[in-house]
Amino acid sequence: MEFDYLIAGQGIAGTLLSYSLLQAGQRVLVIDEHKPNSASRVAAGVINPVSGRRFEMAWMYDQLYPFAVHTYRQLEQLLGVPVFRERDIWMVLPSEQMRAAFQAKTSQGAARQYTQPANAALWEAWLHQPYGAALVKGATVLLQHLLPAWRAYLESRRCLWPERLAPSLLQVSDSGVAYKGAKARALIFCEGAQVTGNPWFGPHLPFLLNKGEVLKVHIPGFDSENIIKRSITLVPQEKEVYWVGSTFVWDYPDELPTAGKRAFLEEGLQQLLKVPYTVLDQLAGIRPSGKDRRPMMGLHPQYPALGVFNGLGTKGCSLAPYMAHALTQHLLHGKPLLPETDIKRYFNG
Ligand SMILES: Cc1cc2nc3c(=O)[nH]c(=O)nc-3n(C[C@H](O)[C@H](O)[C@H](O)COP(=O)(O)OP(=O)(O)OC[C@H]3O[C@@H](n4cnc5c(N)ncnc54)[C@H](O)[C@@H]3O)c2cc1C
């Protein structure tokens, strides 16, 4: 079987890269073992223009966001499922200083167009918010719809092998790759956190993986369209059900949910909510973050038939569409990658 590209992994990276290559008329085979707790399956899919205690604009947001909206809308049309939703982020300000910092930052500069003060009375009966709240224009990618719908689309076109790609069975030459009867010009690894075990890329790329845990909770009577953010973030799922996250741990013995992080998330919930809730589920996943918090993509300098698309860290949903397109342009037309995303920065250094 002849393909143009093989892709290992169908998280948000493999999904957007396979979409971009198919759009460009390439023949693609995606090989994915379907890990239920992959980062993309645990994530809430939030896109937030500002981050941190200083309300700084996210990196390249003015380019990334419009491209993401356009791409997710196209996917929505193609797949016939809801994929993208613009949502205001109701940011509960935790102190007087934070309120002043928010006002100073958002009264000028780029963050201004994405933010506005909020009428705190709206959620007064539900939330503790003595220092008020602010509204930030954000969005959610509905990963729980997008990932299975894209998988079904690939299956229907015979472009998906539901299995783990075993590196020992891969034949690599300068002109291409062969894997169990499938031949292609190149294989692009979109393995998320599992890339650290990849024999070609793992040893070269400085990953700083971190584990995140989340809860799914039911809050009777509380039906918000907004994402609610304080020390924790509540993201609406179905009616009265919220994703609550998340934690960051760089040193962890395994990928399993822990009692300690459940207690931490519940403490955040109790500080925020004036009403009772029930925990329905707890999940944990590993974020594929790099040391400089930038994507890692490109072809291997010594094995030009092998490539990688990774390092999406905490922002897979805003980064993946734009970066997948940039990688496609690089693969098909030799267009240079942004230096801060190109893996050459590690192979040369
Ligand atoms: C708790 C938590 C909350 C998050 N919240 C958000 C958020 O709100 N917004 C946001 O933008 N980002 C969020 N993120 C980050 C986001 O999830 C990641 O940036 C993104 O999912 C990374 O996608 P990926 O495709 O690179 O990796 P993954 O999602 O890990 O996907 C990798 C895929 O490759 C497969 N695979 C790996 N190796 C092989 C192999 N050898 N053969 C076959 N298949 C293989 C795996 O089974 C998996 O399906 C969150 C992450 C976590 C953990």
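From a predicted model like this one, the values you see are computed outputs, not experimental measurements. Because only heavy atoms are used, hydrogens play no part in the values below, and waters and symmetry mates are left out as well, while side chains stay in. Here, residue 1 is the first one in the sequence, and each next residue gets the next number. In each ligand, atom 1 is the first atom listed, and ligand 1 is the first ligand listed.
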Test applied, side-chain hydrogen bond (donor to acceptor under 3.5 Å, both in side chains); reference residue, Gln282; option that passes from Lys261, Arg262, Glu213: Glu213
Heteroatom proximity flag, Ile12 to ligand 1, N/O under 3.5 Å: yes
Nearest neighbour of atom 52 (C) of ligand 1 from the list Arg164, Met296, Arg287, on a heavy-atom basis: Arg287
Protein heavy-atom partner closest to atom 19 (O) of ligand 1 - residue, atom, separation in Å: Gly313 O, 2.7 Å
Close N or O approach (Trp243, ligand 1; < 3.5 Å): no
Residue pair Val81 / Glu76, side-chain heavy-atom distance below 4.5 Å: no
ILVMFWY cluster, Val214 and Val279 together (side-chain gap under 4.5 Å): no
Part of Asp32 within contact of ligand 1 (heavy atoms, under 4.0 Å): both
Ligand 1 to Ala8 polar contact by distance, N or O atoms, under 3.5 Å: no
Atom 11 (O) of ligand 1: nearest protein contact (heavy atom, Å): Cys317 N, 2.9 Å
Test: Asp223 and Lys239 ion pair at under 4.0 Å: yes
Test of ring centre spacing under 6.0 Å for Phe347 and His300: yes
Cys190: numbered ligand 1 atoms lying under 4.0 Å from its heavy atoms: 32 (C), 33 (C), 34 (O)
Where ligand 1 meets Glu33 - atom numbers and elements under 4.0 angstrom, heavy-atom basis: 43 (C), 44 (N), 47 (O)
Evaluation steps, side chain to side chain donor-acceptor pair (under 3.5 Å), between Tyr346 and Asp292: CA-CA 11 Å; Tyr346 299 120; Asp292 61 6; 2.9 Å; yes
Any N or O of Ser318 closer than 3.5 Å to N or O of ligand 1: no
Heavy-atom nearest neighbour in the protein, as seen from atom 1 (C) of ligand 1, with distance rounded to 0.1 Å: Val214 CG1, 3.6 Å
Sidechain N-carboxylate O distance under 4.0 Å for Asp254, Lys211: yes
Under-4.0 Å salt bridge between Glu2 and Arg185: no
Heavy-atom nearest neighbour in the protein, as seen from atom 31 (O) of ligand 1, with distance rounded to 0.1 Å: Gly11 CA, 3.4 Å
Plane angle bin for Trp150 and Tyr153 - parallel if under 30°, tilted between 30 and 60°, otherwise perpendicular: parallel
Partner of Tyr114 under side chain to side chain contact (heavy atoms under 4.5 Å, CB included), chosen from Leu135, Ile89, Asp62: Asp62
Enumerated ligand 1 atoms positioned under 4.0 Å from heavy atoms of Val42: 1 (C)
Side-chain donor-acceptor pair present, Ser173, Ser175, cut-off under 3.5 Å: yes
Nearest neighbour of atom 6 (C) of ligand 1 from the list Ala166, Ala43, Ser246, on a heavy-atom basis: Ala43
Protein heavy atom at shortest distance from atom 25 (O) of ligand 1: Ala13 N, 3.0 Å
Atom indices of ligand 1, in the order listed, that fall short of 4.0 Å to a heavy atom of Glu163: 43 (C)
Within 45° cone and under 6.0 Å: Arg287 NZ/CZ vs Phe248 ring: yes
Ligand 1 versus Lys315: contacting region, heavy-atom distance under 4.0 Å: backbone
For Gly285, the ligand 1 atoms whose distance to one of its heavy atoms is below 4.0 Å: 53 (C)
Flag side-chain contact, heavy atom, 4.5 Å: Tyr5 against Leu22: no
Pro288 to ligand 1, any heavy atom closer than 4.0 Å: yes
Aromatic ring pairing Trp123/Phe222, orientation class (parallel under 30°, perpendicular over 60°, tilted between): perpendicular
Leu165 contact mode with ligand 1 (heavy-atom cut-off under 4.0 Å): both
Cation-pi check, Arg293 onto Trp59 ring (under 6.0 Å, within 45° of axis): no
For atom 9 (N) of ligand 1, closest protein heavy-atom neighbour: Val46 O, 3.0 Å
Residues Arg164, Asp32; criterion salt bridge (charged side-chain N to carboxylate O under 4.0 Å, His left out); working and verdict: CA-CA 6 Å; Arg164 183 167 181 76; Asp32 179 83; over 6 Å; no
Those atoms of ligand 1 less than 4.0 Å from some heavy atom in Lys35: 47 (O)
Nitrogen or oxygen atoms of Ala193 and ligand 1 under 3.5 Å apart: no
Asn48, Ile47, Val136, Thr140 screened by side chain to side chain contact (heavy atoms under 4.5 Å, CB included) with Ile227, the one that passes: Thr140
Atoms in ligand 1 flagged as close to His34, the criterion being non-hydrogen separation under 4.0 Å: 47 (O)
Neighbour count >12 (heavy atoms, 6.0 Å) for atom NZ, Lys335: no
Protein contact of atom 34 (O) of ligand 1 - nearest heavy atom, named by residue and atom, plus distance: Gly9 CA, 3.1 Å
Nearest-option assignment for atom 46 (C) of ligand 1, heavy atoms, candidates Gln194, Gln10, Lys211, Glu191: Gln194
Subset of ligand 1 atoms that lie under 4.0 Å from at least one heavy atom of Ser38: 29 (O), 30 (O), 48 (C)
Nearest-neighbour protein heavy atom for atom 29 (O) of ligand 1, which is reported as residue plus atom name and distance: Ser40 OG, 2.5 Å
Thr314, portion touching ligand 1 at heavy-atom distance under 4.0 Å: backbone
Sub-4.0 Å heavy-atom contact, Arg41 with ligand 1: yes
Structural part of Pro167 in contact with ligand 1, heavy atom criterion under 4.0 angstrom: neither
